[in-house]
Amino acid sequence: MSETRSLRKQSIPSLLEKLEQNGQRIIAPQPAGPSGTPWFTDLDRERHIDLEQMTAVSPKSGLFPVVEEILRFRKDGKQVVIEGDKVKVQPTVLFGLRPCDARGLRILESIFQEGEPDVFLRERRAATTVVAFSCTAADPDCFCTSVGGGPGDTEGSDLLLSAIDDDHFLVEIVTPKGKELVELGAGLFEPAKESEQTKVLAAVPVRFPIADVLTKLPALFNLESFWQEQSLACLGCSTCAFVCPICSCFDLEDEADLKCGSRLRCWDSCGQRLFTLHASGHNPRSVQSQRWRQRVMHKFSYLPERGRKARGSAPAEGSTSLLGCVGCGRCSRSCPVDMNLIERLTAIAESDL
Amino acid sequence: MSPENVYQPYLMRIDRAVDEAPGIRTFRLLFEDEECGKNFRFKAGQFGEYSVFGEGESTFCIASSPTRTGYIECTFRQTGRVTSALAALDEGDILGFRGPYGNVFPVDEWKGKNLLFIAGGIALPPLRCVIWNALDLRENFGDVSIIYGARSVADLVYKHELEEWGKRDDVKLMTTVDPGGETPDWKGQVGFVPHVLEKANPSSENTIALVCGPPIMIKLTLPVLAKLGFAAGDTFTTLENRMKCGFGKCGRCNVGKYYVCVDGPVFTLEQLQTMPAEF
Amino acid sequence: MAETVRRTSGQTVVNDMEALRQRARELLDAGTVQVIIGYANGSNRRVRPFFARRPEDLERLILDDRCVLNLAVYLRKPEVKALGKAAVIATPPLLRSILQLAAENHYQESEAVFLALDSAGNVLELSSAEQIAGVLGSLPGSTGQDACVPSADRMPALSAGSTDRQARFAFWKQEFERCIRCYACRAACPMCYCEQCLVDSNQPQWIPVAAHSIGNLEWHISRAMHLAGRCVNCGACSEACPAGIPLNLVNQFLADRIQQEFGQKAGTSAKLDYALSVFSGSDRETFIK
């Protein structure tokens with residue numbers, strides 16, 4: 001295990017205060033709207049952080065905002081001037097993530113840094129410290145252990161806090177950035193004793209054999225009836241993509257008046273009919289079953305294959321490190337028509353094609 | 001924004017604007033920053049994102065040849081928001097260009113080969129880039145044949161160049177228009193591209209075929225090429241999937257394990273046969 | 001602010017489910033329809049739409065107060081249409097949608113069959129808008145607020161009667177901040193059937209695509225205006241929204257205003273003119289002075 005500390009649960013507010021005093025922006029899950037479901041937002045005055053319920057939407061906006069200005073320009077007669085500011089980022093702590101969320105951020109990073117590196121995501125990640133909490137409870141939609149993660153997984157976190165009893169967290173320092181944060185909170189963290197090393201973790205059963213999903217998908221592609229049946233109820237609403245910690249398809253849109261404007265990168269989804277529609281009217285994925293298939297294939301076939309190619313390694317059977325899914329279960333929880341992902345992946349694993 | 005911002009376009013000035021056909025224009029673009037222009041390199045088959053500031057970006061190939069440096073050309077049809085705004089620009093106006101993106105036609109590997117170009121309508125621009133590339137290095141190649149068709153005489157693009165190619169004795173040019181699209185003084189063929197190709201009966205011996213056109217033309221042309229003996233690995237085309245970023249992130253042009261913008265747009269028929277038909 | 005009850009436990013189970021299944025079985029057996037569109041138990045205590053094509057599938061049909069998703073959206077989905085003629089297990093909100101769709105020429109007589117239960121537990125087989133309009137008022141649950149749908153009663157400040165505009169605006173501004181523009185509200189709405197939605201039209205770009213404050217406000221205001229006098233308050237939009245925005249309250253506000261101003265209510269008749277585009281001599285014209 002990495003370097004550890006112990007932190008009392010009651011010290012959390014003091015820790016957050018110290019971080020704020022240090023100029024850190026803190027984004028944490030807090031109740032929002034009439035239903036009070038937690039939502040990742042800037043820490044507000046009430047400072048009610050909800051670490052129990054899972055947020056409806058993942059914290060990916062911490063690195064990949066819903067809308068981001070990627071260019072600003074000014075027009076003066078026939079002249080155009082592209083404004084040359086730096087990417088603006090503020091030191092930020094993403095606080096109260098789950099291990100699956102943190103793992104998702106890592107995958108998001110690798111997608112954006114492959115090939116032409118994305119300076120916005122890179123700068124944002126460089127200025128961000130990820131503080132995740134191990135899961136002590138899971139619900140039937142959780143399947144992190146089926147896709148290579150786990151309730152106490154440290155991947156993608158800078159610090160991982162795990163309950164060891166009712167009053168204490170075991171703090172695992174995963175990265176130098178995590179260490180810096182511990183140093184900022186000096187006085188609050190104590191050395192972890194031998195007896196304080198056992199994390200209380202949720203039991204998350206393996207729900208389906210991922211290796212079978214990975215091997216069966218390529219041949220299933222052409223079985224159109226299979227995809228039609230899987231997506232018969234799909235409304236094409238894209239909720240799954242928008243709540244997902246990894247979905248990173250985007251749109252580029254200009255907004256301007258006569259003098260100046262900006263180019264914006266906005267979340268988008270392959271589930272939308274317009275996503276692939278050509279100006280000519282031709283649509284390579286014209287029906288919803290094709291778009292559902294794209295979603296599954298992209299996450300569980302194309303991304304792993306591209307990742308292996310990029311790393312130049314031979315295809316490792318059943319390798320889960322490059323999947324487009326961390327098993328957080330948000331898509332299943334949010335889907336208005338209950339298109340449960342575990343069920344669908346199980347059907348893929350069990351298909352006898 | 002910082003110079004490493006991958007979304008930052010070059011500023012380009014429209015040096016020349018040509019109306020090719022109804023709704024179709026060609027721009028010759030010069031780099032506003034001369035230094036950038038001097039250092040800019042691309043290869044045949046690559047594309048870029050062209051933008052009108054305030055309206056957005058649109059994807060087209062670079063239609064000029066890499067052998068002609070200092071400028072690039074693009075040809076586009078006015079269809080949506082961005083192309084309409086582009087069409088409204090004129091000589092002297094500024095637009096944005098990001099690129100070059102994508103893979104290339106392996107022109108260097110085709111030394112000593114015959115080249116057969118088959119194009120329809122607005123899809124001549126990606127091949128025009130290769131045609132001029134080959135003609136500028138004419139001694140490197142065997143026969144150069146071009147079959148180009150459009151719906152009507154008016155819809156043919158690069159009319160002056162067609163005339164020039166027609167006059168050259170080192171180029172075999174066949175132009176055709178769909179039945180009903182001819183004018184009284186039309187001297188080319190009348191008929192669809194696949195039929196014209198079948199009638200022309202070109203030899204596949206030591207020949208590379210390059211096909212670009214509307215999906216229906218490609219669909220009907222490929223079987224003819226197969227019948228003529230063209231190997232799938234020697235038949236090239238470009239895919240025209242919708243794109244936004246141009247470098248494999250926005251997800252739009254994903255077809256199977258490929259991103260058309262990174263792994264394409266140039267594909268051999270052999271590759272296409274292994275890909276999902278989502279193009 | 002009072003808490004909105006969202007998914008409840010599913011206690012108001014319809015006792016006469018067996019009668020519904022029996023009629024559905026007869027329709028399938030007779031070949032009158034090829035698919036029964038209804039609800040079934042889903043995963044993790046959720047319900048899901050269910051497409052029964054074989055008599056043995058019918059055992060899975062359920063109907064309870066969690067069944068908020070408006071099944072009318074499936075009548076326009078090509079893959080579902082391809083299954084053949086459908087019978088739909090009907091709740092009052094769904095029937096209201098069908099009436100409004102018929103009023104807008106988007107439901108053709110006998111396009112589908114609707115199976116509903118009357119208060120005596122008898123199965124009603126409805127196909128024409130006229131039949132639906134005839135029985136709708138007497139169906140159980142056809143009046144009052146549906147249990148799962150966010151209700152203005154629970155948020156007095158937001159009801160149409162409240163005059164505190166500032167409080168209302170502040171509330172909605174805050175709610176719309178969470179909109180991520182997934183358009184699940186649109187996808188779940190039976191009245192959002194446009195081939196090309198206003199927000200997808202970009203020549204000109206009427207509504208900003210970006211999910212910033214202005215873009216979100218414009219999107220939701222435009223959508224509400226397009227649904228004014230058309231929304232039947234089924235609540236599917238609120239139920240589908242991953243951000244939990246009680247969207248149907250906006251529509252309900254406008255529905256109440258339309259009723260006040262023009263004396264008509266969507267989902268009550270298949271013969272309703274669109275209140276905002278039809279002139280009547282009796283319209284109150286307080287805006288022309």
Side-chain angles (χ1 to χ4, degrees), chain A residues 32-37 39 41 56-57 61 65-69 139-141 227-229 231-243 251 253-255 262 264-269 271-274 277 286-289 329-343, chain C residues 1-6 40-51 68-69 73-74 77-80 82-83 150 154-155 158 171 174-175 177-188 196-197 200 202 205 208-212 214-215 236 238-246 249:
Chain A
S35 62
T37 333
W39 195 261
T41 45
V57 177
S61 60
V66 187
V67 185
E68 176 150 39
E69 183 180 78
D139 75 15
D141 294 318
W227 301 104
Q228 275 165 13
E229 200 54 41
S231 64
L232 198 50
C234 180
L235 299 174
C237 75
S238 298
T239 296
C240 48
F242 282 69
V243 300
D251 187 14
E253 286 286 336
D254 278 18
E255 281 183 7
S262 44
L264 305 173
R265 178 168 70 187
C266 311
W267 286 5
D268 204 343
S269 158
Q272 301 272 358
R273 186 178 63 95
L274 292 184
L277 182 68
S286 57
V287 294
Q288 202 56 38
S289 54
R330 284 191 177 86
C331 53
S332 302
R333 285 182 211 100
S334 295
C335 178
V337 298
D338 191 37
M339 302 235 311
N340 185 291
L341 188 59
I342 294 175
E343 245 176 55
Chain C
M1 181 169 306
E3 192 189 318
T4 305
V5 180
R6 280 173 68 81
N41 275 313
S43 56
N44 206 6
R45 293 194 303 281
R46 292 178 285 254
V47 292
R48 61 174 59 164
F50 181 60
F51 305 86
V68 175
L69 177 85
V73 290
Y74 291 115
K77 187 174 174 182
E79 291 94 327
V80 176
L83 299 176
R154 302 193 193 95
M155 297 183 212
L158 305 177
F171 173 82
Q174 201 184 354
E175 287 299 291
E177 284 295 321
R178 290 202 308 287
C179 175
I180 44 179
R181 300 295 277 279
C182 65
Y183 303 119
C185 45
R186 178 179 72 182
Q196 190 179 23
C197 177
D200 295 329
N202 67 2
Q205 186 76 54
V209 170
H212 46 48
I214 290 287
S238 303
E239 186 67 10
C241 177
I245 305 171
L249 294 183

Counting heavy-atom pairs closer than 4.5 Å to chain C, which one of A:T37, A:V57, A:L274, A:V243 comes out on top? A:L274
By a 4.5 Å heavy-atom criterion (distance strictly below it), what part of A:L264 contacts chain C: side chain, backbone, both, or neither? side chain
Is any side-chain heavy atom of C:P242 less than 4.5 Å from a side-chain heavy atom of C:I180? yes
Do C:R181 and A:V67 make a side-chain contact, defined as non-hydrogen atoms from C-beta onward lying under 4.5 Å apart? no
Any idea which of A:S332, A:S61, A:A56 has the most non-hydrogen atom pairs under 4.5 angstrom with chain C? A:S332
Has C:R178 got its NZ or CZ under 6.0 Å from the middle of the six-membered ring of A:W39, at an angle within 45 degrees of the ring axis? yes
Chain C heavy atoms under 4.5 Å from A:C237: which part of the residue, side chain, backbone, both or neither? both
Looking at A:C266, A:S231, A:G33, A:S238, which one has more heavy-atom pairs under 4.5 Å with chain C than the rest? A:G33
Taking C-beta and beyond as the side chain, do A:E253 and C:Q205 meet within less than 4.5 Å on heavy atoms? yes
Residue among C:A211, C:A82, C:C182 with most heavy-atom pairs under 4.5 Å to chain A: C:C182
Checking heavy atoms, do the side chain of A:Q272, its backbone, both or neither come under 4.5 Å from chain C? side chain
With sequence neighbours left out, what residues match A:V337 under side chain to side chain contact (heavy atoms under 4.5 Å, CB included)? A:A233, A:L235, A:C335, A:M339, C:P49, C:L69, C:Y74
Look at C:R186, C:E175, C:Q174 and state which one has the largest set of heavy-atom pairs under 4.5 Å with chain A. C:E175
Contacting region of C:F51 [heavy-atom separation from chain A under 4.5 Å]: side chain
Chain C shares the most heavy-atom pairs under 4.5 Å, among A:Q288, A:R265, A:R273, with A:Q288
How would you list, by chain and number, every residue that makes a ring pair (Phe, Tyr, Trp, His ring centres under 6.0 Å) with C:F50, sequence neighbours excluded? none
N-O pairing of A:D338 and C:R45 below 4.0 Å: no
Heavy-atom distance under 4.5 Å to chain C: side chain of A:V66, backbone, both or neither? side chain
Which region of A:D251, side chain (C-beta onward) or backbone (N, CA, C, O), has a non-hydrogen atom less than 4.5 Å from a non-hydrogen atom of chain C, or is it both or neither? side chain
Using a cut-off of under 4.5 Å for heavy-atom pairs, which of C:P208, C:A187, C:A243, C:A188 has the most such pairs with chain A? C:A187
Any side-chain heavy atom of A:F242 within less than 4.5 Å of one from A:C331? no
What part of A:E68 is in contact with chain C, defined as an atom under 4.5 angstrom from a non-hydrogen atom: side chain, backbone, both or neither? neither
Other residues, nucleotides, ligands: >12 heavy atoms within 6.0 Å of C:I214 CD1: no
